[in-house]
Asker: 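Structure below; questions to follow.
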Amino acid sequence: AINNLLLLLYYIPLMAGTSSLPTFTITAGNHTLQVVIASSSIASREGIESHNSPLVTLSWQLLASSSVVLGPSPVSAMEVNSISAEWISDTLNTTVSSVPSRDGPDASIATCLNISGYMLVPGKTGIVLYAYSVFELFDDFPGFVRVSGGAKLIQQGPGTTTVYFTNYNLAALNVYGASEATLFHMGQRGHMPKTTNIIPNTPPIQLHMGSYPSSQEDVSQTSWISLSGAPAGYVALGLIFNGKSTTTISSQVGLQDTPSSSCITITTSIDAMNYNMSVGQWITLPGFFVDIFNSSKTKTSSKLEITNDVVWDEAAYRTQQFSFGTIYATTNSNKTRPMVQFNSFSYGTSVNTTNMMQAVTMAASVGLEVFVVDYGWVDTNSDGTPILGNYWPDTNKFPQGLKPLSDAAHANNMLFGVNMALTQVNPNSAIAQLHPEWLVPGAPLDYMSSTGLCICLRDAREWVLQQILNVTDTQGIDYIVQDGEDMIKQCAGVCDDSNYGGSEMGYDLLIQDLKKARPNLILEARENGGNMETFKMASLFHISNSCDREAPYTTRQGAWQHSYAFAPMYTAKYISTQPPTIYAIRSGSFGGPLILQQRFDNYSAYDESIAAAMVEEYKTYRRRFWGDKSAIVNHLVAPSIGPRDLGGAIGLAGFTDGFGYDAIQITNGNASDSCIFVYRASQGGNDVYEGLSPRGLISTALYNVTSAGTVNPGPRLGNDLMNNGLNVSLNAGFSDVVCMTVTE
């Protein structure tokens, strides 16, 4: 099943004094991964006299055709009771196999090296672990390696009352031969990407990733970075962990006894780790993936320099292709994705059977495919806030429940969904009154006047799952919008470890159990607008938000940012501008899903016609691009000057839009069809944007250029388009889609 794949597993004597300990090697294509065993430098052998073989450490490195050397970097660098655990050399076992990289019929095949064995904690009598580390190479994705693992406490030992998992390097990466480099990273919830220079022997750069509250959206980062400046190649790193973590990047020169005198080190540690291990319990070690590559871009003219901007797009595309084959969640639904949807958020808590039935009729009329009732479907307090934690329809608003609505949606060939804040509970909810010990202690009210539910507790997690199953089964629910504030709750005093444990042994298990119990459900990760942008999230959910209920310009910023780490079909946008306009809806039409969040009872006949036309336009581009897993995004002109970037400091009253032009391009896999979504904000910019240059076209192919009158139409060679560009003319507050299609 694997072409051009050479599997090697052999032993190589190491340096003198290591007792000929082995090196384990696998090769896929022109990439070779080695796991090297080295004698431990641990001096104290207290409590392990019965083991005659030496304690050892493991390190890994990836050798590739790009000449970039990753590693040696530590393997399973875990601490137990604040002491590094070490492997027992004569217990190490290895297997090499070809396995599917994830569930689903279109999963890529991985060449898997599994190293397992016993570990000891020097100086801690009797603490014994059994652990494994898994390394995967992919013939379909040369340059990528994915690393993960697991561990189990075998023996606690006499005199040890508790055993805690206190530290784990989620990712550890040494990039040798590099000193000065450029780091590409981006915030969450639509915050624009940034580049940071890495300079030797200066304070390290720290990035905080994972689940964070929206109040820290300007601090938290998407769990994907890229690095230029490595010799003859580039590096990208993605984290497969929903909890909070800190990635530290530093550069050193003048090194000795290393593969190179210079090295950039990237290390990710899990924050506040203190997980209580019980004998016999397996724990997962969160994973990461790394990609090393040469840029495939070629310089065809003085204008087409291979800049970092071009390389970031290539790194993003490679990550997206890898994620389709190895990470992204699959679904049993036969619906075409990404879908166009209605969401009732603008109705607030005033939703009821009557106005939602009217909205179903309008949604069907304009061509929508999913109908979602947002938070207002549950009971409400006297002040109008929803009583989150009550998983049943408000019988005053919906006397017969939600089933009549779901039946009506299904009759109109739409899926039916609801908003659920799975880790939020209102203090007045029945579960908060019954189990106050399940709540985050001392936390102020946040999302919709609710507090957090500690689903790191098994009983709380199982209770939530049963509530979800009951309401979905009885109310005909096909689609769940998972929402709330900071999914991985900080439950200090309730759970020993509410970050690592709250993610791997809490929240993630809840979603996994839900998917296993109801495989046809479609799950959207909203997180109050996209505040958990990780690859673990992408493995659990079918849809991800790139921003929340935003103005057109910040909506475009969300699509711009999100479409680096994640494919366009994972960039959901909520369009709330009312009345609907072409400019507003098209601002949310790059990727998807496209979600209309307006009040349909305020629609005029003209509004309905605009919405219907734009939904049909969206479906046209979906057929051409959004469902194409090989489609390529090129970020051309950034929407970098918006209200979030300048705010009130610019002195413009009522400022809600951005300045000037921005443009983003999508091209199908064989470059025969390409479109540029181009916008001019309501303020600023010249009347004509000169030289908007597309990328990735076939130089010698003849393309027919079309638009709604913003550019000169007609045939042009790909090389001419890329070199000389397009002159685009838009009025302020308008948009267009300029398409280039190879002629027959």
Side-chain angles (χ1 to χ4, degrees), residues 186 190 192-193 303-305 307-310 312-314 316-317 546-547 550-564 568 571 573 582-592 594 614 617-618 621 624-626 631-642 645 657-668 671 673-697 703 705-713 716 718 720-741:
M186 68 200 86
M192 293 294 285
K303 189 170 184 177
L304 294 179
E305 297 288 348
T307 63
N308 278 339
D309 288 344
V310 175
W312 306 143
D313 278 337
E314 185 171 8
Y317 177 68
S546 60
C547 57
E550 308 281 359
Y553 198 82
T554 46
T555 295
R556 302 201 297 276
Q557 288 182 318
W560 181 279
Q561 172 255 326
H562 210 69
S563 57
Y564 280 102
T571 58
K573 278 94 54 193
I582 293 174
Y583 175 70
I585 296 178
R586 192 175 282 150
S587 290
S589 292
F590 190 88
L594 171 64
M614 294 307 296
E617 178 184 284
Y618 178 84
Y621 295 118
R624 293 167 69 174
F625 304 112
W626 309 140
I632 304 167
V633 178
N634 278 291
H635 299 79
L636 301 181
V637 182
S640 56
I641 309 177
D645 309 287
D657 205 23
F659 282 79
Y661 281 85
D662 57 276
I664 188 168
Q665 178 189 3
I666 186 74
T667 305
N668 67 0
D673 192 15
S674 183
C675 291
I676 301 174
F677 286 67
V678 59
Y679 309 86
R680 185 182 174 192
S682 57
Q683 292 144 331
N686 297 323
D687 289 340
V688 178
Y689 188 99
E690 297 183 355
L692 178 62
S693 296
R695 300 178 190 154
L697 304 181
Y703 287 84
V705 179
T706 60
S707 71
T710 60
V711 301
N712 291 328
R716 290 180 63 181
D720 175 37
L721 286 165
M722 291 188 290
N723 278 280
N724 299 312
L726 298 154
N727 293 335
V728 181
S729 178
L730 282 173
N731 291 327
F734 279 76
S735 63
D736 198 4
V737 183
V738 179
C739 292
M740 299 149 287
T741 306

Asker: Can you tell me how far the CE atom of M740 sits from the CE atom of M722, to the nearest 0.5 Å?
Answerer: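 Here the interatomic distance stands at 10.5 Å.
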Asker: Looking at N634 and P694, would you say the former's side chain and the latter's main chain have a donor-acceptor pair under 3.5 Å?
Answerer: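 Judged by distance alone, no pair lies under 3.5 Å.
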Asker: Ignoring hydrogens and geometry, is there a side-chain-to-backbone donor-acceptor pair from D662 to R680 under 3.5 Å?
Answerer: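 Pair absent, no side-chain N/O of D662 close to backbone of R680.
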Asker: How many angstroms lie between CG in D673 and OH in Y703, if you round to the nearest 0.5 Å?
Answerer: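 Result: 9.0 Å between the selected atoms.
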Asker: Would you please name every residue forming a salt bridge (Lys or Arg N to Asp or Glu O under 4.0 Å) with E690, sequence neighbours left out?
Answerer: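 By the salt bridge (Lys or Arg N to Asp or Glu O under 4.0 Å) rule, E690 matches no residue at all.
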Asker: If we check side-chain contact (heavy atoms from CB on, under 4.5 Å) with P568, which of these qualifies: I664, I632, V633?
Answerer: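 Exactly one option meets the side-chain contact (heavy atoms from CB on, under 4.5 Å) with P568, and it is V633.
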Asker: Between Y553 (side chain) and S587 (backbone), is there a donor-acceptor pair under 3.5 Å?
Answerer: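 Between the backbone of S587 and the side chain of Y553 there is no qualifying donor-acceptor contact (under 3.5 Å).
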Asker: State which residue, out of F677, W626, F590, fulfils the ring-ring contact (aromatic ring centres under 6.0 Å, His included) condition with Y621.
Answerer: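 Of the listed residues F677, W626, F590, the ring-ring contact (aromatic ring centres under 6.0 Å, His included) partner of Y621 is F677.
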Asker: Tell me, please, which residues at least two apart from D736 pass salt bridge (Lys or Arg N to Asp or Glu O under 4.0 Å).
Answerer: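 Partners of D736 under the salt bridge (Lys or Arg N to Asp or Glu O under 4.0 Å) test: none.
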Asker: Can you tell me which residue among V737, N668, T667, T706 is in a side-chain contact (heavy atoms from CB on, under 4.5 Å) with C675?
Answerer: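 Only match with C675 under side-chain contact (heavy atoms from CB on, under 4.5 Å): V737.
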Asker: Evaluate side chain to side chain contact (heavy atoms under 4.5 Å, CB included) for E617 paired with I582, printing each intermediate quantity in order.
Answerer: CA-CA 10 Å; E617 178 184 284; I582 293 174; 5.8 Å; no
Asker: Report the C-alpha distance between T571 and Q561 in whole Å, list the side-chain angles of each, state the deciding distance to 0.1 Å, and finish with yes or no for side chain to side chain contact (heavy atoms under 4.5 Å, CB included).
Answerer: CA-CA 9 Å; T571 58; Q561 172 255 326; over 6 Å; no
Asker: Measure from the side-chain N and O atoms of Q665 to the backbone N and O of R695, and report whether any donor-acceptor pair falls under 3.5 Å.
Answerer: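 Checked: pair present.
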